[in-house]
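Can you read through this structure? Questions will come right after.
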2 protein chains.
Amino acid sequence: MNRKITLKQIAKELDVSISTVSKALKDSPEISDDTKQKIQAFAKLYNYKPNNIALSLKNRKTNTIGIIIPEIVHHFFSKVIRGVELVANQRGYNVIIGLSNESFSKEVINMEMLANGSIDGFIISISKETQQLQDYHHLTATINQGMPIVMFDRVVSEIECDKVIVNDFNGAKNAVEKLIENGCKSIALITTKDYVSVGKLRTQGYIDALSEHNLTLESNLMLKMDDTLDYEEHLDLLESEITQLFKSNQKIDGVFAVNELYALSAMKVARKLGLSVPEDLQVIGFTDGVLSKHATPGLTTVSQHAQQMGEKAAHLLIDKLESENTDQEEEYQTVVITTDLVERESTK
Amino acid sequence: MNRKITLKQIAKELDVSISTVSKALKDSPEISDDTKQKIQAFAKLYNYKPNNIALSLKNRKTNTIGIIIPEIVHHFFSKVIRGVELVANQRGYNVIIGLSNESFSKEVINMEMLANGSIDGFIISISKETQQLQDYHHLTATINQGMPIVMFDRVVSEIECDKVIVNDFNGAKNAVEKLIENGCKSIALITTKDYVSVGKLRTQGYIDALSEHNLTLESNLMLKMDDTLDYEEHLDLLESEITQLFKSNQKIDGVFAVNELYALSAMKVARKLGLSVPEDLQVIGFTDGVLSKHATPGLTTVSQHAQQMGEKAAHLLIDKLESENTDQEEEYQTVVITTDLVERESTK
DNA sequence: TTGTACGCGTTATCAT
DNA sequence: ATGATAACGCGTACAA
């Protein structure tokens, strides 16, 4: 068991001072070639590596970024993490994760835990509960401590910081316009309750698309699901509500859903009711998931480019961290990632 | 901008010594109630929290565990992470992630980066490339440094450490036996090349099940895919190979696949060839993914309980970390998580 | 050319 | 009851 070796131990072993060792290891011209060689050889032999914690303490910089997300078992978020990790690694940073599990208190606790020196900055997408409570004191507190934050996807206008979002409004609008172009006359919307920021924007895109094409907005074509239930419960309720929706509005020939699960459920219910997709009913979902690709028929989706969002968020954060010498110019930017419509078999 | 306050600053502000502040904040009986109150109130006001990095340095303990995985955009691994994070948080630890992206060198670099003081121990599932190269020096080096490792899923017998695995052999065997019970006479296997440890074990389970039930093992019913290609390429090749398999062996009435993608592809190809599942062909896949549940028909699977694996791995690691006072009794355990057969519509 | 001293923030031990 | 000091591991300004 060869515990990690320290400068001190090398110094003692070679009978020189600690600073001599330190300098020798970074090839300082102050040290004679002789001793340099001796020390470097010894260090190599014992595989010396400086201790990160000591460096962090000394430099007041951990080279670690924290990412706080509501859920990790979710394609969108895991892709974002991949993007963050990719860029972080390239630029010499580590990534530490905190899961809020959609809970406000876990989000707060997690952030406080990490903010006490463990990391240099946050990348965060807030929990549903936080969005409902509209309590952002933990975010402002963190920012006030001089720790930069980058928010992504679920973003809050009250907080001043860098943000990375998707053009939810336009993405949704384009999707609905696609349905209209494809001949749909009666398009249903399946969305979440309004407090979820992204759901709201996508709903607005749907509304605008309809009105711009002179289609009347019918409130009974808009299904708003409560997504605070657990998965199974949610799924059951979802299917019964969609069944209800289709049965009481037989003219429906298009569906726009704000996420993958809703879109898939719509297709499933359609099949049960004997409607064929895309002939009788065309479906588009907003998502970056795997299910769409493997569904039958393949689901046409609005792709969110999650990994790209993660990459951009990481760049923004690290840029801020590494320019923090020149403070005062508190210029925050909001980067909008453009969505793409990925056409599969659920549309004509 | 209220930067984080330190003991030193409090001491200066209240005109006492640093150690007085430190003691007062932990309610030491050495300090008079008067000063304690004063100091505690002040600390509360400025929201004092001890700096984690300083504590880590002093205690030589970071209370952080590192998890190294090949890929995060994968249901199995993200569920494992969720399990690890859950337990880690409960027990006062943070989690830092490193992605190897199935590359040996990235795995090594990541581990070295974290091993220099950033974390107390590792939870790891090694990359395919590492399995191929059979180079485990980074693992032994880490262990020799006194840093505990827990391996999960993709495990190596040459390395002595705690391990968490799934009963790949039995899970596969049970699945194939299920097919046999359901009347299948000619069961195909879709698996990976042999160097992937889990694929090997599952293949062995298939072989044993057949031989125990006196079914002859036919090598042309065993399709071994090379999974080092990229996703799209892999998928295309997969489908053509499966098509080939089905066409040249028309008697096939059952398929056991070592992962979700292979099973789904089998169903897809079957549909194209006009075979109906489960009437003409029954399919079971080894997986913990989302696709199975939402496939049509729903795919019967061998569930791996990924989250439970993560939880167990975290407990093992933390147990070891917190008992390390009493060394010498180097007792390592291998925990086997039992798989379940989740029956859906792809079997009778 | 090498070594000493200090500081990063904290706690524990040992004075006063 | 309070304070000074050392130590965790490192780097660097300054002294020898």
Side-chain angles (χ1 to χ4, degrees), chain A residues 3-40 42-43 46-64 113-120 145-147, chain B residues 3-40 42-43 46-64 113-120 145-147:
Chain A
R3 279 225 114 76
K4 291 239 81 170
I5 199 168
T6 68
L7 287 187
K8 194 192 219 175
Q9 289 162 15
I10 299 182
K12 189 174 173 189
E13 214 63 44
L14 297 182
D15 208 38
V16 289
S17 83
I18 296 178
S19 58
T20 303
V21 179
S22 174
K23 286 170 186 165
L25 289 180
K26 32 188 45 177
D27 246 335
S28 159
E30 290 182 32
I31 307 294
S32 73
D33 287 349
D34 259 18
T35 37
K36 260 199 277 195
Q37 282 219 309
K38 193 175 58 178
I39 292 174
Q40 285 170 1
F42 190 91
Y46 285 91
N47 190 30
Y48 171 80
K49 295 273 169 55
N51 179 302
N52 287 332
I53 296 292
L55 287 179
S56 296
L57 183 59
K58 175 142 193 52
N59 302 329
R60 280 123 135 228
K61 178 126 181 34
T62 62
N63 272 265
T64 300
M113 187 147 176
L114 296 181
N116 298 320
S118 300
I119 61 163
D120 296 334
Q145 279 173 193
M147 179 165 293
Chain B
R3 281 224 112 77
K4 290 239 83 169
I5 199 169
T6 67
L7 287 185
K8 194 192 223 178
Q9 289 163 17
I10 299 181
K12 189 174 172 191
E13 213 62 44
L14 297 182
D15 208 37
V16 289
S17 81
I18 295 179
S19 50
T20 303
V21 178
S22 175
K23 287 170 185 164
L25 288 180
K26 23 190 51 169
D27 247 332
S28 159
E30 289 182 33
I31 307 295
S32 75
D33 286 350
D34 258 19
T35 37
K36 262 200 278 197
Q37 283 219 309
K38 194 175 57 178
I39 292 175
Q40 285 170 1
F42 190 91
Y46 284 91
N47 190 32
Y48 170 79
K49 295 272 170 53
N51 180 304
N52 288 331
I53 296 292
L55 288 178
S56 295
L57 182 59
K58 176 136 194 56
N59 304 329
R60 279 120 137 229
K61 178 132 182 25
T62 62
N63 272 265
T64 301
M113 187 147 175
L114 296 181
N116 298 319
S118 300
I119 62 162
D120 296 332
Q145 279 174 194
M147 179 166 293

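Here is how names work: the chains are called A, B, and so on, in the same order as the sequence lines, proteins then strands, and each is numbered from 1. Scope of the values below: all heavy atoms of this structure, side chains included, with no hydrogens, waters or symmetry mates.
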Does B:T20 place a side-chain N or O at less than 4.0 Å from the phosphate oxygens OP1/OP2 of D:dT2?
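For D:dT2, OP1/OP2 do not have a side-chain N/O of B:T20 under 4.0 Å.
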Inset, instruction - For the side chain of A:S32, starting at C-beta, report the closest nucleotide among C:dT11, C:dG9, C:dT2. - result: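 From the listed options, C:dT2 comes nearest.
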Donor on one side chain, acceptor on other, A:S22 and A:S19, under 3.5 Å
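Absent: no donor and acceptor within the cut-off.
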Practice item. Respond yes when some side-chain nitrogen or oxygen of A:Y48 is under 4.0 Å from OP1 or OP2 of D:dG9, and no when none is. Key: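 Looking at the OP1 and OP2 atoms of D:dG9, neither is under 4.0 Å from any side-chain N or O of A:Y48.
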Hey, does A:L7 reach any base, or is it just sugar-phosphate, or nothing, if we go heavy atoms under 4.0 Å?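 Since only primed, P, OP1 and OP2 atoms lie under 4.0 Å of A:L7, the category is sugar-phosphate.
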**Message:** If I take atom CD1 in residue A:I18 and atom P in nucleotide D:dG11, what distance separates them, rounded to the nearest angstrom?
**Reply:**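 Taking atom P of D:dG11 as the reference, CD1 of A:I18 is at 11 Å.
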Open item on the list: Can you see whether B:T20 engages B:S17 through a side-chain donor-acceptor pair at a distance of less than 3.5 angstrom?
Closed with: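 Indeed, the side chains of B:T20 and B:S17 share at least one donor-acceptor pair under 3.5 Å.
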Going by modelled atom types, is there a donor-acceptor pair between the base of D:dA4 and the side chain of B:S19 at under 3.5 Å?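 Result: at least one qualifying N/O pair found.
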Atom-pair distance (CG on B:D34; P on D:dA1), nearest Å: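 Interatomic distance, CG of B:D34 to P of D:dA1: 11 Å.
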Report yes if a side-chain nitrogen or oxygen of A:S22 is closer than 4.0 Å to either non-bridging phosphate oxygen (OP1 or OP2) of D:dC10; otherwise report no.
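False: A:S22 side-chain N/O out of range (4.0 Å or more) of D:dC10 OP1/OP2.
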Answer with base, sugar-phosphate or nothing: what part of the nucleic acid does A:T35 contact at a heavy-atom distance below 4.0 Å?
->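 Result for A:T35 = sugar-phosphate.
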- Please give, in whole Å, the distance from C:dG9 C1' to A:N116 CG?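 These atoms are roughly 12 Å apart.
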* Asked: How would you label the contact of B:K8 with the nucleic acid (heavy atoms, under 4.0 Å): base, sugar-phosphate, or nothing?
  ->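 Counting heavy atoms under 4.0 Å across all strands, the contact made by B:K8 is with sugar-phosphate only.
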*asked:* If you assign each of B:V16 and A:K49 to its closest nucleotide in DNA chain D, which residue comes earlier from the 5' end?
replied: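 Looking at the nearest nucleotide for each, B:V16 comes out on the 5' side.
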task: Check the distance between D:dG9's P and A:L55's CG and give it to me in whole angstrom.
output: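 My rounded result for the distance is 12 Å.
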Please tell me which of the listed nucleotides, C:dT10, D:dG9, D:dA1, lies nearest to the side chain of A:T6?
->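 Output: D:dG9.
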Problem - Closest to the B:P50 side chain, choosing from D:dT2, D:dG9, C:dT10 - result: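 Minimum distance to the B:P50 side chain belongs to C:dT10.
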Original post:
Rounding to a whole Å, what distance do you find between A:I53:CD1 and D:dG9:P?
Top reply: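 Interatomic distance, CD1 of A:I53 to P of D:dG9: 12 Å.
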**Asked** For C:dG7, does OP1 or OP2 lie under 4.0 Å from any side-chain N or O of A:R60?
**Response**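 Answer is no, no contact under 4.0 Å.
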### Message
What is the separation between atom CG on B:L25 and atom C1' on C:dG9, rounded to the nearest whole Å?
### Response
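For the pair B:L25 CG and C:dG9 C1', the rounded distance is 13 Å.
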message: Looking only at side-chain N and O atoms, does B:N51 offer a donor or acceptor that is under 3.5 Å from a partner on B:K4?
response: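 No, no side-chain donor-acceptor pair sits under 3.5 Å.
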Short side-chain N/O contact to C:dT11 OP1/OP2 from B:K26, under 4.0 Å =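 Answer is yes, contact under 4.0 Å.
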Does a sphere of radius 6.0 Å around NZ in A:K12 hold more than 12 heavy atoms from other residues, nucleotides or ligands, not counting ones at 6.0 Å or beyond?
->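 Check fails, neighbour count at 12 or below.
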Of the options D:dT2, C:dT10, C:dG9, whose atoms approach the side-chain atoms of A:L57 most closely?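 Selected nucleotide: C:dG9.
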Hey, which sits more toward the 5' end of DNA chain D by its nearest nucleotide, A:E30 or B:D33?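 Checking each residue's closest nucleotide, the 5'-ward one belongs to B:D33.
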- For the pair A:M147 and A:I119, evaluate side chain to side chain contact (heavy atoms under 4.5 Å, CB included) and give the outcome as yes or no after the intermediate values. CA-CA 9 Å; A:M147 179 165 293; A:I119 61 163; 4.2 Å; yes
How far apart are the closest heavy atoms of A:I10 and A:A43, and which atoms are they?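 A:I10 and A:A43 have their closest heavy atoms at CD1-CB, 4.1 Å.
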